[in-house]
Amino acid sequence: MTPTHFAFSSTFLLGLTGLAFHRTHLLSALLCLEGMMLSLFIALSLWTLQLDSTNFSAAPMLLLAFSACEASAGLALLVATARTHGSDRLQNLNLLQC
């Protein structure tokens with residue numbers, strides 16, 4: 001495993017670990033998801049450069065577009081949660097209360 005592959009793999013796993021174990025605020029969960037998506041974007045970009053193929057050249061841009069949509073939906077949920085519940089703490093959220 002090259003150092004570049006190790007760096008992107010460890011970045012993705014660090015984001016996944018943060019998402020799994022540090023779930024106190026919604027903003028921290030969204031930041032972990034964004035870090036995971038950015039590490040996937042950079043890894044996919046480097047993979048298409050290493051293959052020297054134009055068939056997969058649109059895949060990183062498509063992933064980046066979906067990442068931007070995910071970030072905007074997450075921020076909209078964060079604002080809606082902060083307005084209705086007064087906080088973004090995940091312990092205060094209950095899906096049974098609507």
Side-chain angles (χ1 to χ4, degrees):
M1 179 180 283
T2 63
T4 307
H5 290 114
F6 177 73
F8 294 126
S9 299
S10 63
T11 304
F12 183 80
L13 288 176
L14 188 65
L16 187 64
T17 306
L19 185 64
F21 294 123
H22 187 65
R23 292 183 292 175
T24 57
H25 293 281
L26 183 60
L27 184 61
S28 64
L30 290 174
L31 284 174
C32 289
L33 282 174
E34 193 65 28
M36 290 168 56
M37 289 298 288
L38 287 177
S39 69
L40 283 177
F41 168 72
I42 294 172
L44 191 60
S45 298
L46 288 177
W47 182 61
T48 56
L49 287 175
Q50 286 177 352
L51 285 181
D52 291 331
S53 175
T54 58
N55 294 337
F56 299 114
S57 62
M61 295 307 291
L62 186 66
L63 182 72
L64 192 62
F66 283 133
S67 176
C69 293
E70 175 258 334
S72 65
L75 286 177
L77 284 173
L78 177 70
V79 169
T81 302
R83 283 185 180 172
T84 57
H85 295 284
S87 164
D88 70 334
R89 291 185 58 86
L90 293 176
Q91 285 84 12
N92 294 344
L93 301 178
N94 189 359
L95 292 178
L96 298 177
Q97 290 177 333
C98 291

What's the separation between atom OG in Ser28 and atom CG in Leu33, rounded to the nearest 0.5 Å?
10.0 Å
Transitive ILVMFWY side-chain link Phe8 to Trp47, under 4.5 Å:
yes
So how far is it from Leu31 CG to Met36 CE, rounded to the nearest 0.5 Å?
13.0 Å
So how far is it from Ser9 OG to Leu14 CG, rounded to the nearest 0.5 Å?
12.0 Å
How long is the span from the CZ atom in Phe12 to the OG1 atom in Thr17, to the nearest 0.5 Å?
10.0 Å
Given Phe41, which partner from the list Leu63, Leu46, Leu62 fulfils the side chain to side chain contact (heavy atoms under 4.5 Å, CB included) test?
Leu63
Closest non-hydrogen contact found for Thr11 with Ser39 is CG2-CB, 3.8 Å
Any link between Leu40 and Leu38 through a network of hydrophobic side chains (Ile, Leu, Val, Met, Phe, Trp, Tyr) touching at under 4.5 Å?
no
Indicate every side-chain donor-acceptor pair of residues 77-84 with a distance under 3.5 Å to a residue at least two apart or in another chain.
unit_1	atom_1	unit_2	atom_2	d
Thr81	OG1	Leu77	O	2.7
Thr84	OG1	Ala80	O	3.0
Thr84	OG1	Thr81	O	3.4

Measuring from atom CZ of Phe21 to atom SG of Cys32, what distance do you get when rounded to the nearest 0.5 angstrom?
12.0 Å
Could you pull out every donor-acceptor pair under 3.5 Å between side chains of residues 64-74 and any protein atom, sequence neighbours left out?
unit_1	atom_1	unit_2	atom_2	d
Ser67	OG	Glu34	OE2	3.3
Ser72	OG	Ala68	O	3.4
Ser72	OG	Cys69	O	2.9

The reported gap from CG in Leu51 to OG in Ser57 (rounded to nearest 0.5 angstrom) is 11.5 Å
